S.K.: 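Sending over a structure as structure tokens; questions will come in a sec.
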Amino acid sequence: MRIEKIEVDKKNAERFYVHLVKEDGEKQLVSVDQDVLIEYRLKKGMTVTEKQWMEMIKKDDETQAYKMALRFLAYRMRSKQEVMDHLEKKGVDHGTIERVIGKLQNERYIDDEQFAHAYVQTQLNTTMKGPYVIYKELIDKGICEDTIAKAMERYTEEMQQDKAMKWVEKVNKQSKRRSYQEQKAYIAQLLHMKGFPAHIIERVKQQVTLNDEEQWKALVYHGEKAHRRYETYDRYTYEQKMKQALYRKGFPISLIEKFLEKKKED
């Protein structure tokens, strides 16, 4: 094949159109990256074999995929698996992906160990996630367990407890309608969902407090709801059902009886 003409792609200055003429006179138009143009020193009048041209096309595919990966990496650090998934979604074939990933690793654009450490540090600085959630996120990003374990060493138990306590403080500010026991159970469930280990949750639960005024307000709220449900019952049945309902909510019997006495006065 002979190169009849080379012209720049008006929509992308980094790519060029190569006009080819085969031996039988058939013409073909192919787009290649400027790096391929320079590497193979393509110019007008040059003759290339079919084998040489296929090699250039393969190189062009790799160059496009490489630049695609660099654009993906420009916004933030990525794991090897994230880059592979991105290229696969873009339709890049498996062989090209492997070659591009190898090149990016050699050039240190991809480094899963460095990525894992940076990811953990970012989560510690910007979120209140527990260690299990961060661990799961790194697994999802294709990081191996040994690498994750090393990166997670910086998330000390002291830091875990500190973040767990911040969740407790947040919940205490928001909630005014839970008994002390309900509050402890709710916080334990929340911390479990946020990825904190059992021993940290247990330690933090011991520091959950609810003052008498908040406890009383919560009991009155639930007591009034139960009263509306049972007020048509006879006195004995009413009191039994009220005690059962409020006791199940975690309120102490002394406060329940105090509420029932006030309802009698009403």
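If you read the sequence from its start, that first residue is 1, and numbering goes on from there. Here the structure is a predicted model, which is why all the values come from computation and not from measurement.
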S.K.: Show the numbers, then the answer: is there a side-chain contact (heavy atoms from CB on, under 4.5 Å) between T147 and L138?
M.R.: CA-CA 10 Å; T147 300; L138 286 171; over 6 Å; no
S.K.: Are there more than 12 heavy atoms of other residues, nucleotides or ligands under 6.0 Å from atom NZ of K80?
M.R.: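 It does not: K80 NZ has 12 such atoms or fewer within range.
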S.K.: Is K166 salt-bridged to E169, going by a charged N under 4.0 Å from an acidic O?
M.R.: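 Between E169 and K166 there is no salt bridge, as every charged N stays at least 4.0 Å from the carboxylate O atoms.
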S.K.: Out of the candidates L73, T63, L87, V83, only one should pair with M68 under the side-chain contact (heavy atoms from CB on, under 4.5 Å) rule; please name it.
M.R.: L87
S.K.: Crowded around Q121 CD? As in, over 12 foreign heavy atoms under 6.0 Å?
M.R.: yes
S.K.: What's the verdict on side-chain contact (heavy atoms from CB on, under 4.5 Å) for M152 and Y132, showing C-alpha distance, side-chain angles and the deciding distance?
M.R.: CA-CA 10 Å; M152 291 297 292; Y132 293 164; over 6 Å; no
S.K.: Working to the nearest 0.5 angstrom, can you tell me the gap between R228 CZ and E231 CD?
M.R.: 8.5 Å
S.K.: Who passes side-chain hydrogen bond (donor to acceptor under 3.5 Å, both in side chains) against R229, sequence neighbours left out?
M.R.: none
S.K.: Looking at K129, I'd like to know if its NZ atom is crowded, meaning that more than 12 non-hydrogen atoms belonging to other residues, nucleotides or ligands lie closer than 6.0 Å.
M.R.: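 Yes, because the 6.0 Å sphere around NZ of K129 holds more than 12 heavy atoms from other groups.
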S.K.: Considering only NZ, NE, NH1 and NH2 on the basic side and carboxylate oxygens on the acidic side, decide whether E55 and K51 come within less than 4.0 Å.
M.R.: no
S.K.: Output, in order, the C-alpha distance, side-chain angles, deciding distance and verdict of side-chain contact (heavy atoms from CB on, under 4.5 Å) for L20 and W53.
M.R.: CA-CA 10 Å; L20 298 166; W53 188 251; 3.6 Å; yes
S.K.: Hey, any chance V220 and Y238 share a hydrophobic cluster, counting ILVMFWY side chains that come within less than 4.5 Å of each other, even indirectly?
M.R.: yes
S.K.: Looking only at heavy atoms, which two atoms of I200 and Q160 are closest? And how far apart?
M.R.: CG1-OE1, 3.7 Å
S.K.: Identify the two heavy atoms, one from A188 and one from K205, that lie closest to each other, and give their separation to 0.1 Å.
M.R.: CB-CD, 3.7 Å
S.K.: Establish, for the pair K103 and Y66, whether the NZ or CZ atom is under 6.0 angstrom from the six-membered ring centre and no further than 45 degrees off its axis.
M.R.: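 Judged by the rule (NZ or CZ under 6.0 Å from the ring centre, within 45° of its axis), K103 counts as positioned above Y66.
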S.K.: Distance check, rounded to the nearest 0.5 Å: H199 atom NE2 versus E157 atom CD?
M.R.: 3.5 Å
S.K.: Any chain of hydrophobic side-chain contacts (each under 4.5 Å) joining M193 to I187?
M.R.: no
S.K.: For E113, does the CD atom sit with more than 12 other heavy atoms under 6.0 Å from it, leaving out its own atoms?
M.R.: no
S.K.: Is the number of heavy atoms from other residues, nucleotides or ligands under 6.0 Å of H192 NE2 greater than 12?
M.R.: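 Open: at most 12 neighbouring heavy atoms sit under 6.0 Å from NE2 of H192.
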S.K.: Inspect the contact between K136 and D140 and indicate whether a charged nitrogen and a carboxylate oxygen are less than 4.0 angstrom apart.
M.R.: yes
S.K.: If you measure from the Lys or Arg side-chain nitrogens to the Asp or Glu carboxylate oxygens, is any gap between E224 and K263 under 4.0 Å?
M.R.: yes
S.K.: Kindly indicate whether the side chain of M56, heavy atoms from C-beta on, has any atom under 4.5 Å from the side chain of V18.
M.R.: no
S.K.: Counting neighbours of CE on M46 that are heavy atoms of other residues, nucleotides or ligands and sit closer than 6.0 Å, is the number greater than 12?
M.R.: yes
S.K.: Kindly compute the distance separating CD (E182) from NZ (K249), expressed to the nearest 0.5 Å.
M.R.: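 Rounded to the nearest 0.5 Å, the CD-NZ separation comes to 5.0 Å.
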S.K.: Is the shortest heavy-atom distance from the side chain of R76 to the side chain of E82 under 4.5 Å?
M.R.: yes
S.K.: Under a 3.5 Å distance rule, please check whether T96 uses its side chain to pair with a backbone N or O of D61 as donor and acceptor.
M.R.: no
S.K.: If you link ILVMFWY side chains whenever their heavy atoms are less than 4.5 Å apart, which other residues fall into the same cluster as L29? By chain and number, please.
M.R.: Y17
S.K.: Check whether Y230 and Y236 end up in the same hydrophobic cluster, where Ile, Leu, Val, Met, Phe, Trp and Tyr are linked by side-chain heavy atoms less than 4.5 Å apart.
M.R.: no
S.K.: Work out which heavy atom in V171 is nearest to a heavy atom in Q183; give both atom names and the distance.
M.R.: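 Nearest pair, atom of V171 first, then Q183: CG1-NE2, 3.8 Å.
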S.K.: Within 45 degrees of the ring normal and closer than 6.0 Å to the centroid, is that where the cationic atom of K59 sits relative to Y40?
M.R.: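 No, a cation-pi geometry is absent between K59 and Y40.
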S.K.: Do M77 and M84 sit in the same hydrophobic cluster, where Ile, Leu, Val, Met, Phe, Trp and Tyr count as joined when their side-chain heavy atoms come under 4.5 Å apart?
M.R.: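 M77 and M84: separate clusters.
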S.K.: Any chance the side chains of Y155 and Q123 put a donor and an acceptor closer than 3.5 Å?
M.R.: no
S.K.: With no hydrogens and no angle check, just 3.5 Å: does a side-chain donor-acceptor pair link E98 and H94?
M.R.: yes
S.K.: Side chains of I110 and R78: closer than 4.5 Å at any heavy-atom pair?
M.R.: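 No. Closest side-chain heavy atoms not under 4.5 Å.
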S.K.: Under 3.5 Å, is there a donor-acceptor pair between the side chain of N106 and the main chain of G102?
M.R.: yes
S.K.: Go through the side-chain N and O atoms of E202 and Q206 and say whether any donor and acceptor fall under 3.5 Å apart.
M.R.: yes
S.K.: Which heavy-atom pair separates I143 from D112 by the least distance, and what is that distance?
M.R.: CD1-CG, 3.5 Å
S.K.: L190 and W167: which non-hydrogen atoms are nearest, and at how many Å?
M.R.: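 The answer is CD2-CE3, 3.9 Å.
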S.K.: Quick one, E14 and D9 - any side-chain contact, counting heavy atoms below 4.5 Å?
M.R.: no
S.K.: Mind checking whether M165 and M128 sit in one hydrophobic cluster, side chains of I, L, V, M, F, W, Y counted as touching below 4.5 Å?
M.R.: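 In one cluster: yes.
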S.K.: Please examine the side chains of K90 and Q64, heavy atoms only from C-beta on, and report whether any two atoms are closer than 4.5 Å.
M.R.: no
S.K.: Specify the closest pair of heavy atoms between I139 and E145, including all atoms of both residues, with the distance to one decimal.
M.R.: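 Shortest heavy-atom separation between I139 and E145 comes out as CD1-CG, 3.9 Å.
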S.K.: Is the shortest side-chain heavy-atom distance between H222 and L246 below 4.5 Å?
M.R.: yes
S.K.: Quick check for you: to the nearest 0.5 Å, what is the distance between E7 atom CD and K5 atom NZ?
M.R.: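 So the CD of E7 and the NZ of K5 are separated by 4.5 Å.
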S.K.: Report yes if the side chains of V36 and F16 come closer than 4.5 Å at any heavy-atom pair, otherwise no.
M.R.: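 No, their side chains stay 4.5 Å or more apart.
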S.K.: Would you mind checking if R15 and D60 are paired as a salt bridge, meaning a charged N to carboxylate O distance below 4.0 Å?
M.R.: yes
S.K.: Once you round to the nearest 0.5 Å, how far does CD1 of I6 lie from CG of L37?
M.R.: 5.0 Å
S.K.: Could you state the interatomic distance from NZ (K141) to OH (Y119), rounded to the nearest 0.5 Å?
M.R.: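 K141 NZ to Y119 OH: 5.0 Å, rounded to 0.5 Å.
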S.K.: Mind checking whether K243 and E257 have side chains closer than 4.5 Å, heavy atoms only?
M.R.: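 Yes, close enough: below the 4.5 Å cut-off.
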S.K.: Could you go through F196 and K163, starting from their C-alpha distance and side-chain angles, then the distance that decides it, and tell me whether this counts as side-chain contact (heavy atoms from CB on, under 4.5 Å)?
M.R.: CA-CA 9 Å; F196 290 91; K163 286 189 181 290; 4.0 Å; yes
S.K.: Should the pair K150-D146 be classified as a salt bridge under the 4.0 Å nitrogen-to-oxygen rule?
M.R.: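 D146 and K150: not salt-bridged.
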